[in-house]
2 protein chains.
Amino acid sequence: MQTPRSSLEQWRVLQAVIDYGGFAKAAEQLHRSQSSVSYSVAKLQQQLGVELLVMKGRKACLTQKGETLLRRSRELLNEAISLENLANSMEQGWEPDISLVVDAAFPVHLLMEALKHFTPHSRGTRVQLNEVILSGAEQALEEGWADLVIGVHVPKGYLGDLIVEIEFVAVASPEHPLHQLGRGLRSDDLRQQVQVVIGDSGNVRPMEWGWLGEQRWTVSSIDKAVTTVCHGLGFSWLPRHQIETELVEGRLKPLPLSEGQCFKADLYQVFGHPERIGPATRKLAEILMEVSHQQ
Amino acid sequence: MQTPRSSLEQWRVLQAVIDYGGFAKAAEQLHRSQSSVSYSVAKLQQQLGVELLVMKGRKACLTQKGETLLRRSRELLNEAISLENLANSMEQGWEPDISLVVDAAFPVHLLMEALKHFTPHSRGTRVQLNEVILSGAEQALEEGWADLVIGVHVPKGYLGDLIVEIEFVAVASPEHPLHQLGRGLRSDDLRQQVQVVIGDSGNVRPMEWGWLGEQRWTVSSIDKAVTTVCHGLGFSWLPRHQIETELVEGRLKPLPLSEGQCFKADLYQVFGHPERIGPATRKLAEILMEVSHQQ
DNA sequence: ACCACATATCTAAATTTTAGATAATTATAC
DNA sequence: GTATAATTATCTAAAATTTAGATATGTGGT
């Protein structure tokens, strides 16, 4: 293990010179003298053996190498700040890691949005994300390693709130026989066709979403279900948000059911065991809830 | 933008205390005095406001928080070292980034193995990986943004070497009609069935792998082809290494072709434009070649 | 040519870090 | 239980580093 020659301070100064547009302005922002800034930058360059800045006229400009190194040094500084934030936060009972378990039916864009909003509040806490299908969520809770779970129901003994309604649409490929009948469909019609269902990622007690058909194809992910149905192999109830493009591009078409063409499934946000959850988990839960309700 | 209070030096000392088993031993390894080590650790703790070490008897032991923070500080130190390595390497003409473009048929485990071996030699260089299908590789070369490409052929004007032979096997689901005939199959038999082919990710000049069938389903990834064929929708030539589990578990079965049941495709490693490639790219290429040939 | 602006350099002061000596604490041997 | 070895904490002075302030050097605009 080697020891770094440069220091975070030095990189910080370099960043300030660029961000505030000069040695003097950086000095002011950093509450140091201009000569101190000059010294730091010079020493950093000398230690690295790389020319980071070059004087163009009377303006200090980054070299090509300087630009690359500055970009990466920003990541380094962020990680350092994050480490210190974590130290400080843990003193106040913040968790260093959150295990977030999310049912695959939960819209990915909401998840991303929530995580983006969470980062500035994270104070160094990291989120470990697990995607599960159906009872996998409950299993994560019962095995005790999940801090926060988004799943299809709230198991007995846990605290949970409705977070989002997912609309499931019955769809098939436009070439599928069900689309050739030219009339409204009843459940009898469906019963004679292959239904594609998504298998359960847990193994406690298998559950299934679709319930009608006699003939079933079970696939292991929503993506695979979409592919399968697109290929005309059967019909399925799929989350609308997962098949937007396929609907627009005509690879999937909603079935003209006379009743129950789509149904809503509720997803709930559930907290893990009380002794595991702390303020970071609660903050993340709050943000997930906000993001999901405003859209 | 805030400035970190702790320094890389301090974290380095903490690591040494743990790794070498004590303040005195750490001091020796770091060529410092024991009091200096003691001072550094004490100051780090004071600055963070966190107790990192606790004396158990006469042994310094990490607290729970200390353990978490130490773990993350190692990542921080590694990133810092990597940054300095990059600075040093760029002086010697090393590239800060390599754009590696790989055809989806290339075995992932070889890629992972190669990248693992490359890391210790990377000197801070980062690899940006792009997966493409068929002509996407050539396109990346011609658009000039790829440093190293693994694809199905060597375009005119480029330098390339054979890196690996991929075995393609004709397969279908065990329930597929082609498996019900109970005899060896000729190309006539295949012509009457749906062939699943993988679409081209480039758009310069479309190419396709399979050539026989009249009826085709084009999918956009090897994974989707596998799923599709598993569902009995057709047959396909698929890379053997991609369907090992499906063959073992019986979801796919090789077709009993009287001739040409499998064919080999060569994958070539091709260098990008000479002005882009540097020593890091050459090193990565060398490792990819080694890894691919020894397995 | 001159002035305003910006960085480099020089020197001394201020600050931080280090080493060495010693104190304090604890496990181990007798 | 006491001596002893092992280990960290603390104290002080020395060493090293970093800072500020003054000034030199260099550039662009008028």
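Side chains included, hydrogens not; waters and symmetry mates left out as well; all remaining heavy atoms used. Because the structure is a prediction, the values reported are computed rather than measured.
Heavy atoms of A:Lys59 sit nowhere under 4.0 angstrom from any nucleic acid atom. Among the protein residues, A:Phe23 comes within range of the sugar-phosphate backbone only, with heavy atoms under 4.0 Å from sugar or phosphate atoms but none that close to a base.
Nearest-nucleotide mapping onto DNA chain C: of B:Gln34 and B:Val37, the residue sitting toward the 5' end is B:Val37.
For the pair A:Phe106 and A:Ser292, the minimum side-chain heavy-atom distance is below 4.5 Å.
You'll find that the side chain of B:Lys25 is closest to D:dT7, out of C:dC10, D:dG28, D:dT7. When distances are taken from the side chain of A:Ser36 to each of D:dT19, D:dT18, D:dT27, the shortest belongs to D:dT19. In the set D:dT19, D:dT8, C:dT7, the nucleotide with an atom closest to the side chain of B:Ala60 is D:dT8. Closest to the A:Met55 side chain, of the nucleotides C:dT18, D:dA9, C:dA8, is C:dA8. Closest to the side chain of A:Ser38, from the set D:dA9, C:dA8, D:dT8, is C:dA8.
Between the side chain of B:Ser35 and the base of C:dA19 there is at least one donor-acceptor pair of N/O atoms closer than 3.5 Å.
Between the side chains of A:Ser40 and A:Glu9, no donor-acceptor pair is found at a separation under 3.5 Å.
When the options B:Val102, B:Leu284, B:Ile163, B:Val164 are evaluated for a side-chain contact (heavy atoms from CB on, under 4.5 Å) with B:Gln269, the one that passes is B:Ile163.
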